[in-house]
Structure formats: C-alpha cells, structure tokens
Amino acid sequence: MKLRTKFASATAMTLLMSGAAMADEITIATVNNADMIVMQELAPQWEEATGNTINWVVLEENVLRQRTTQDISTNGGSFDIMFIGAYETPIWGANGWLEPLNDFADDADYDLEDVFQLVRNGLSDTEGNLYALPLYSETSFTYYRTDVFAEKGIAVPEGQPTYDEFMEMAKAAHDPENEMYGTCQRGKAGWGENMAFVGTLANAFGARWFDMDWQPQLDSEEWNNAITYYVELMNNYGPPGASSNGHNENRALFKDGKCATWVDATSAATDVKNPETSSVADVTDFFKAPQQVTDKGTGWFWSWALAIPASSNNKDAAKDFLKWATSKEYFQLVGETKGWVAVPSGTRQSVEQDERRLEAAPFAATIVDAILSVDPADPSAQPVPYTGVQFVAIPEFQGIGNYVGQQVAAALTGQQTVEEALANSQNFAVREMTKAGYIK
C-alpha cells in the first residue's frame with residue numbers, strides 16, 4: 001500500500017535523524033472500544049517502521065480511569081501513553097502530570113490547525129497549553145431503528161423531541177417477548193458511564209450540579225424529576241440488568257438488534273452504521289438527544305485522546321506514536337483498510353470533508369454540526385460557575401460523579417428510593433466541596 005510505505009518511511013527517517021539508536025517498548029493504557037481495537041490492528045505498521053514495540057494494557061472504561069488516575073497522581077510511571085478524555089486532560093496538565101505537546105503546533109506535516117478548535121480547546125489548559133492529541137470527538141444524539149418505528153407507527157421527530165415524547169416512543173417500541181427493548185441507556189455506575197447520560201438528562205430537566213456559590217444542588221426538584229424519569233424509563237422499557245450496561249454493552253445490544261432507541265455518543269455511529277460490524281447498519285438513523293424544560297446541555301461534549309504522562313521514560317518514542325496515531329495519514333489508513341465509514345469522527349476538518357468519507361458516511365456532516373453546536377460554557381438553564389456539559393471541570397468532580405453514579409444505580413435497581421439516592425448524593429457533595437474549600 002502506497003500510504004503505508006510513504007508514511008512508514010517518513011516515520012523511520014524521523015527517528016534516524018533524531019539519533020534514536022535503540023528501539024523502545026512503550027506501554028499504552030487504553031479502553032476496549034472499536035476505534036482502539038482498530039488502532040491495535042494497525043499499530044504493527046508503526047512498530048515495523050520504527051523498530052519500537054508496544055505493550056497494550058486494555059481495560060474496561062471505569063477500570064482504565066481508576067488505574068490511570070492512581071498511576072499518574074502518584075508518579076507511578078507504569079504507562080508511556082494514556083487514553084484519556086477532555087475532563088482529565090486540562091486538570092492533569094495543569095498539575096504538571098502530562099507532557100506538554102505544544103511543539104505539534106510547529107509541525108507542518110502534522111497540521112494541528114486541521115483539528116477542530118473546539119476539540120483543541122478541550123484538550124488544553126486555560127493558558128492554551130496542549131496536553132493530548134485527539135483520536136475522536138463526540139456529542140450525544142439518539143439512535144433509532146427505522147424499521148421498528150415504521151412497523152409500530154411511531155412518528156420520527158422533525159426537530160428535537162422532549163423526553164416525555166421520547167418515553168412514548170420507547171413505550172410503543174417495547175416488545176420484550178421478542179427481545180426488542182424500547183430503549184437502552186447507560187446504567188453502569190461511573191462519572192463517565194451512567195452519569196454521562198444522566199448528566200445531560202438532568203440538564204434537560206433544568207438541573208445543575210452547583211449554584212453560583214458552589215453549593216451542591218443534587219437534592220433539588222429538578223434532579224428529582226430527572227432521576228425519577230430515568231428510573232421509570234429504564235425499568236419499564238429498558239433491557240433486563242440495565243444497571244450493568246455501560247456504553248460498550250449498550251452498543252453491542254443495539255448492533256445486535258435488541259434496542260429500538262439509544263441516546264449515546266455520536267462516535268459510535270461509525271460502528272453502528274458499518275455493515276461489517278453491525279446487523280442494523282441499514283435500518284438505523286438519528287435525531288437529536290431529547291430536551292425537556294430546556295435544550296441547553298442536552299448533548300454532551302467529549303474527546304478521547306492520547307496523552308503522555310510526565311513520568312514516562314520513553315517520551316520520544318511515545319511522541320512519535322502520537323504523531324502517527326492521530327495524523328491525517330492514520331485516518332486515511334483506517335479509511336483504506338477498514339472502510340471510510342470506520343474512520344474516527346469529529347476530529348480533523350480535512351477528514352470530515354473528504355469525499356470518500358462523505359460517500360461512505362453521509363451522516364458525518366450531521367455529527368460535526370452536532371459537536372460544534374455544543375457550548376460547555378453554557379450547559380444549564382440556570383447560571384453555573386463551571387464549564388462542562390456532562391461533567392464539571394474541577395478535580396473534585398471525579399469522586400463526586402462516581403458517588404452520585406453509584407447512588408443513581410442503586411435507585412435504578414430499587415435498592416433505595418430516588419429521594420434517598422439524591423439526599424445521599426447531596427450530603428456527599430457538600431462534604432467534599434467543603435473539604436476542598438469551595439464552600440466557606
């Protein structure tokens with residue numbers, strides 16, 4: 001393949017010119033999703049070109065976050081590259097835990113300006129220092145089965161439906177005797193799992209995490225309305241065992257034809273609409289994530305990216321891999337070997353405007369428009385002191401979000417009431433925010 005030969009030679013020449021005399025082994029901690037599986041399949045080309053080798057540590061999403069957070073905060077040095085997101089990157093970078101990547105801005109071949117500015121901003125600190133390079137970016141929207149909607153006579157919304165209307169869609173489509181569930185939503189506890197969906201749901205119901213004085217608002221009427229809705233939706237029209245299902249589990253259910261609707265990451269569309277990997281590729285379409293009392297914060301913003309811990313002993317090799325794995329050439333390599341529908345979405349303007357991409361994935365422009373419409377600085381109907389749609393961009397959020405996710409999951413399974421879950425969440429958040437000095 002010409003692309004492989006050209007890029008592999010360029011990569012090898014770069015290392016030779018830099019005086020790299022010995023090969024390195026780099027350790028990469030990553031999540032077990034479709035895009036990273038593809039990267040693992042293609043990475044031997046980089047290994048062959050450079051002489052370096054890769055030790056892949058592939059983890060479930062919640063476990064990945066736990067392992068990488070513990071390692072980087074203790075300067076553990078276990079990993080040379082971490083797959084992290086738009087929440088951790090600015091915080092860890094400001095703490096000095098990540099290697100700055102500002103030099104990529106001066107690399108004409110890499111062309112950092114080709115990466116959407118919203119995405120670059122999300123992976124930079126307040127001073128504009130870049131700490132991670134994106135593989136893909138996303139917001140959330142609704143996947144739905146066109147054949148099921150047609151069979152059940154469910155009207156497809158022309159704009160953005162309300163969650164009340166969405167409940168009616170799920171009810172009409174629900175047919176558990178034939179293993180067709182009205183909706184599949186995240187139930188697995190975690191700030192980046194169930195709380196990704198629940199956070200945007202709460203926004204739609206007019207809720208906020210904190211008021212302008214950083215006082216937690218988790219026992220508010222708005223949060224109660226949102227979680228009550230969530231529990232009713234999932235228990236009446238969701239699959240059994242929903243509290244164990246995160247993004248990957250729901251993606252598998254949807255691709256296997258078990259779900260009529262699914263509100264989740266736009267990045268999964270490249271997998272769901274790929275006939276090589278999905279049984280419902282030809283009968284899936286999309287509409288906006290629902291609103292309720294407001295349309296603010298109803299679709300999240302996220303980037304999955306590659307970053308180098310400051311504790312890495314193989315920074316040069318790690319940087320070379322980052323350059324390869326997030327370059328224009330890499331995206332083209334994915335398109336030419338896996339199909340252009342499988343190319344990671346929402347990151348590079350040139351990729352999203354490529355005719356091959358648009359022909360294979362006509363929905364690509366819709367995804368980009370949805371991502372660029374998100375405003376992390378204005379996520380709520382009420383004033384808030386923070387940025388972030390499905391998360392709050394402060395270090396304390398990880399612990400608070402995980403705890404709230406556990407309480408919401410317990411309410412979903414009936415272990416406690418919604419009121420108990422939110423009261424526990426409020427008490428925990430007040431304690432943590434007081435300890436951190438936000439509440440005087």
Side-chain angles (χ1 to χ4, degrees), residues 61-76 82 84-98 121-129 131-132 189-196 198-200 202-203 207-220 222-224 226-227 297 300-303 307 309-311 376-410 420-440:
E61 186 170 325
N62 281 342
V63 178
L64 174 72
R65 290 193 167 106
Q66 293 167 1
R67 288 276 302 276
T68 54
T69 300
Q70 180 180 16
D71 187 78
I72 203 163
S73 63
T74 60
N75 199 35
M82 293 176 172
I84 66 175
Y87 165 69
E88 303 100 327
T89 301
I91 295 172
W92 292 2
N95 284 344
W97 295 349
L98 297 176
N121 291 348
L123 299 173
S124 303
D125 64 16
T126 55
E127 297 179 357
N129 295 304
Y131 288 103
W191 74 262
E193 279 285 10
N194 63 343
M195 294 311 297
V198 170
T200 56
N203 291 339
R208 55 183 174 171
W209 285 88
F210 305 100
D211 68 14
M212 293 300 291
D213 295 320
W214 290 104
Q215 291 285 346
Q217 301 294 297
L218 291 158
D219 59 354
S220 66
E222 292 86 358
W223 270 99
N224 190 293
I227 306 306
W300 66 59
F301 172 74
W302 187 253
S303 288
S311 56
D378 189 23
S380 174
Q382 303 181 69
V384 295
Y386 55 83
T387 60
V389 181
Q390 79 282 19
F391 61 82
V392 178
I394 58 174
E396 293 74 21
F397 177 76
Q398 183 168 342
I400 294 171
N402 281 334
Y403 183 87
V404 177
Q406 293 164 2
Q407 299 304 305
V408 170
E420 289 170 336
L422 293 176
N424 292 340
S425 298
Q426 176 73 7
N427 290 337
F428 182 85
V430 168
R431 184 166 65 249
E432 292 301 300
M433 295 299 281
T434 302
K435 185 191 308 180
Y438 289 85
I439 300 174
K440 305 300 182 182

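Everything numeric here is computed off the predicted structure, so don't read it as measured data.
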Q) Do side-chain atoms of Tyr131 reach the backbone of Trp97 as a donor and acceptor pair under 3.5 angstrom? A)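 No.
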Q: Would you confirm whether Asn224, through its side chain, and Ser220, through its main-chain N or O, come within 3.5 Å as a donor-acceptor pair?
A: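 No; zero donor-acceptor contacts below 3.5 Å.
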State, with a plain yes or no, whether a side-chain heavy atom of [X] is found less than 4.5 Å away from one of [Y].
X      : Y      : value
Met82  : Glu88  : no
Leu123 : Ser303 : yes
Thr387 : Phe301 : no
Ile72  : Ile84  : no
Phe210 : Met433 : yes
Pro309 : Thr68  : no

Q: Can you tell me which residue pairs pass the salt bridge (charged side-chain N to carboxylate O under 4.0 Å, His left out) test with a partner in residues 379-404, sequence neighbours excluded?
A: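 Found none.
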Q) Which residue pairs pass the salt bridge (charged side-chain N to carboxylate O under 4.0 Å, His left out) test when at least one of the two sits in residues 378-391, sequence neighbours left out? A)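 Those involving residues 378-391 are Lys296-Asp378.
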List the residues meeting salt bridge (Lys or Arg N to Asp or Glu O under 4.0 Å) with [X], not counting sequence neighbours, and say none if there are none.
X      : value
Glu61  : Arg65
Lys435 : Glu432
Arg208 : none

Closest heavy-atom pair and its distance - [X], [Y]:
X      : Y      : result
Leu218 : Ser425 : CD1-O, 3.7 Å
Ala132 : Ala307 : CB-CB, 3.9 Å
Ser380 : Ala207 : OG-O, 3.4 Å
Gly405 : Ala189 : O-CB, 3.6 Å
Val430 : Ile439 : O-CD1, 4.0 Å
Tyr438 : Pro395 : OH-CD, 4.2 Å

Q: Kindly indicate, with the supporting measurements, whether the criterion side chain to side chain contact (heavy atoms under 4.5 Å, CB included) is fulfilled by Asn424 and Tyr403.
A: CA-CA 9 Å; Asn424 292 340; Tyr403 183 87; 3.6 Å; yes
Q | Residue of the set Phe391, Tyr386, Trp223 for which ring-ring contact (aromatic ring centres under 6.0 Å, His included) holds with Trp209 | A |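 Among the candidates, only Trp223 passes.
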In Å and rounded to the nearest 0.5 Å, what is the [atom1] to [atom2] distance from [X] to [Y]?
X      : Y      : atom1 : atom2 : result
Asp125 : Leu98  : CG    : CG    : 10.5 Å
Thr69  : Trp92  : OG1   : CH2   : 4.0 Å
Gln407 : Glu420 : CD    : CD    : 9.5 Å
Asn402 : Phe397 : CG    : CZ    : 8.5 Å
Thr200 : Gln390 : OG1   : CD    : 7.5 Å
Ile400 : Trp191 : CD1   : CH2   : 13.0 Å

Q. What residues form a side chain to side chain donor-acceptor pair (under 3.5 Å) with Trp302, not counting sequence neighbours?
A.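 With neighbours one apart ignored, the set is empty.
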Q) Near Gln70 CD, under 6.0 Å, is it more than 12 heavy atoms from other residues, nucleotides or ligands? A)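 Open.
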